Chemist: 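Structure below; questions to follow.
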Amino acid sequence: MSGAAAVLEVQGLTFGWPGQRLFSGLSLAIPPGVSLVTGDDGCGKSSLLRLMAGFAVPTAGRVDVLGRRLPTLGTRPLPRAALRALRAE
């Protein structure tokens, strides 16, 4: 996978719940083929996936999918037009 362009990039992501910070300045690049997120109970796996899918709004930072900024939509699903645009690359 060396040299493969990242499918998903997270830059400076900060997020948490009242009284519990989960991420502070998290940055990572996920190459094609990665499909596993592991960690202890309560460490933020589901929250990270919700942020990367645009279903939660980070306190700071951004998520890019295929080089495009992912809009944050709270609990609303991505519109079909946005999904088509992400797949078009």
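The figures that follow rest on heavy atoms only: side chains count, while hydrogens, waters and symmetry mates do not. Everything quoted here is computed from the prediction, not taken from an experiment.
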Chemist: Nearest heavy-atom pair of F15 and P58: which atoms, and what distance?
Modeler: CD1-CA, 4.1 Å
Chemist: Report the residues that fulfil salt bridge (Lys or Arg N to Asp or Glu O under 4.0 Å) with R62, sequence neighbours left out, ordered by chain and then residue number.
Modeler: D64
Chemist: Would a 4.5 Å heavy-atom cut-off, applied to side chains only, mark L8 and M52 as touching?
Modeler: yes
Chemist: When you measure from the side chain of K45 to the backbone N and O of T38, does any donor-acceptor pair fall under 3.5 Å?
Modeler: no
Chemist: On a heavy-atom basis, which atom in P32 and which in A5 lie closest, and how many Å separate them?
Modeler: CD-O, 3.2 Å
Chemist: Which pair of non-hydrogen atoms, one from S47 and one from L22, has the smallest distance, and what is that distance?
Modeler: OG-CD1, 3.5 Å
Chemist: State, with a plain yes or no, whether a side-chain heavy atom of L51 is found less than 4.5 Å away from one of F23.
Modeler: yes
Chemist: Atom CG in L13, atom OG1 in T59: separation rounded to 0.5 Å?
Modeler: 8.5 Å
Chemist: For T14, does its backbone N or O pair with a side-chain atom of S24 as donor and acceptor, under 3.5 Å?
Modeler: no
Chemist: Can you check whether V10 reaches S27 side chain to side chain, under 4.5 Å on heavy atoms?
Modeler: no
Chemist: Roughly how far, to the nearest 0.5 Å, is CZ of R69 from CD of E9?
Modeler: 11.5 Å
